[in-house]
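As structure tokens, the structure follows; a few thoughts come after it.
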Amino acid sequence: MGLVSELLSFCVLFIRLISAGNIVVGIGIPTTLDGPFKPVTVPLDKSFRGNAVDLPDTDPRVQKVVQSFGPEQVSVSLSTTHDSVWISWITGDFQIGDNIKPLNPKTVASIVRYGQLRFPLQHKATGYSIVYNQLYPFVGLQNYTSGIIHHVRLTGLKPSTLYYYQCGDPSIPAMSKIYYFKTMPASGPKSYPSRIAIMGDLGLTYNTTSTLDHMIANNPDLILLIGDVCYANLYLTNGTGADCYSCSFSQTPIHETYQPRWDYWGRYMQPVISKVPIMVVEGNHEIEQQVENQTFVAYSSRFAFPSKESGSSSTFYYSFNAGGIHFIMLGGYIAYNKSAPQYKWLEKDLANVDRKVTPWLVATWHPPWYSTYKAHYREAECMRVAMEDLLYRYGVDVIFNGHVHAYERSNRVYNYTLDPCGPVHITIGDGGNREKMAIAHADEPGECPNPSTTPDEYMGGFCAFNFTSGPAAGNFCWDRQPDYSAYRESSFGHGIFEVSFWVPLIICLIFTLQVKNETHALWTWHRNQDLYNSPGDQICIVRQPERCPTEPKVIKLQRNWKKKHLI
């Protein structure tokens, strides 16, 4: 505690010097307490569009470099608490063509040896293995069967501890090299991972490499990928790709995918996610329909999810703790109405959150509710109508989304109205995919989409009606950047979310005279075209539990929203 006391003393002295005029402070990092902020739109930099061209299969970073049953595409993901993680990998070769024969997953064991010392690895865990198929019932389309996918859960781990591990089947022998990962801190109001990287719509382009390089330079402890992983569904089964599938391949009998892009992505990402845990939630590009109307098979097979551990029966929604943060990963492409299993699970999960242990409550899903870009404008309105009240009642602090290929940060908002107790919505679907950036805004002249073009195509709902109150009353779009939109910019990049003791105290709190780290977080958005340490957007997000109690509030739900729709 000596170092902490000295730091607090330094901050007190620093504040006194500022007050006395002995230190001139320039523009400090703003906090949400300074808001709501006037809307800002950064003009499009036409000289920078990003190199959104997919890496070819000849790139050495996506080619297989191990023997047939040697482990590859190794990754780490979290369980619900610090004492458990999942290790995943693939062995064997995928097959694609007319005559494929799936591998037998029982022929290769799923074993992880691990420990706090590189030698010897004292502990052993055994998991399970699966093989999935992507099949098409049409002549001329190539079917796919994966290699053997392994998932092993390690338990009994210590918090904030470095572990070494090796995965594979020692009886073949086919074991990986030794990797390492660091567990999350134990949950508590003053215990947080240092940096959490957040990305959406990543893809596998040359611009993706810039996003990853920037992210790695920020040394994250955890990665959240908010949907749209590798964009395999922008390819035909023969490997022919296009930026717009429906534009280029309008005559295909079923929406094809080129599944080897998943393997390329797993190999490309292995150097990062074999060490830094990654948590993924599904996006629309993971739908990947195949025979018998099966969907999301690759997504559900390739990643390990703490679904069972968090009481979920689905890979589409789950939750976990990372120190004093409780993350809720929701599905925008599975039923979300109040009678659906997802909604009922969410109610239980929120009710079980102890804000004295995990003060921060963060929610993520793919399609945003509060994006002002023309692309996907109000597309997820049915999900907002169904779930926003619930998230508001339980005091969700921050919401992260992807889907729109640009960056946008909102003021605190609830039901399209500025609200000091509403969450901050951040759209960060700008990871670098080949579909390029979103540019047009729905509030610009001639850019407001027709309401009939905005239904949730996958869920089959339509809830986006004209506004009935406020500055946009009677219209489907605002005629200027909405008040709830604080900052928006069309650039590729990633974000870093920090709720550690040091950064909020040193950077945020000396300007707000607060010293409670369970109430302050630093959000930084990094643009790919900038230097590694140069933020594009930065704000301290401040919780006010005394002003915004996190116990459920009594809210009169709008029963007949189709007629009144008060927004």
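Note on ring orientation: taking the six-membered ring where Trp is involved, the planes of His151 and Trp86 are perpendicular (angle over 60°, cut-offs 30° and 60°). Ring geometry for His366 against Tyr333 counts as tilted: the plane angle lies between 30° and 60°, on a 0 to 90° scale. In this pair, Tyr317 and Trp345 present their aromatic rings tilted. The plane angle is within the 30 to 60° band. Taking the six-membered ring where the residue is Trp, Tyr165 and Phe181 present tilted rings, their angle falling between 30° and 60°.
Between the side chains of Thr358 and Asn321, not a single donor N or O lies within less than 3.5 Å of an accepting N or O. Checking Tyr132 against Gln259 by side-chain atom types alone, a donor-acceptor pair falls below 3.5 Å. A side-chain donor from one of His494 and Asn218 sits under 3.5 Å from a side-chain acceptor of the other.
Between Asp93 and Lys64, the shortest heavy-atom distance links the atoms OD1-NZ, 2.6 Å.
Both the sub-6.0 Å distance and the 45° axial angle are not jointly satisfied by Arg261 relative to the ring of Tyr144.
Shown here are the salt bridge (Lys or Arg N to Asp or Glu O under 4.0 Å) partners of Arg113, two or more places apart in sequence or in another chain: there are none. Partners of His214 according to the ring pair (Phe, Tyr, Trp, His ring centres under 6.0 Å) rule, which considers only residues two or more places apart in sequence or in another chain, are Tyr532.
Judged by distance alone, the side chain of Thr145 and the main-chain N or O of Gln95 form no donor-acceptor pair under 3.5 Å.
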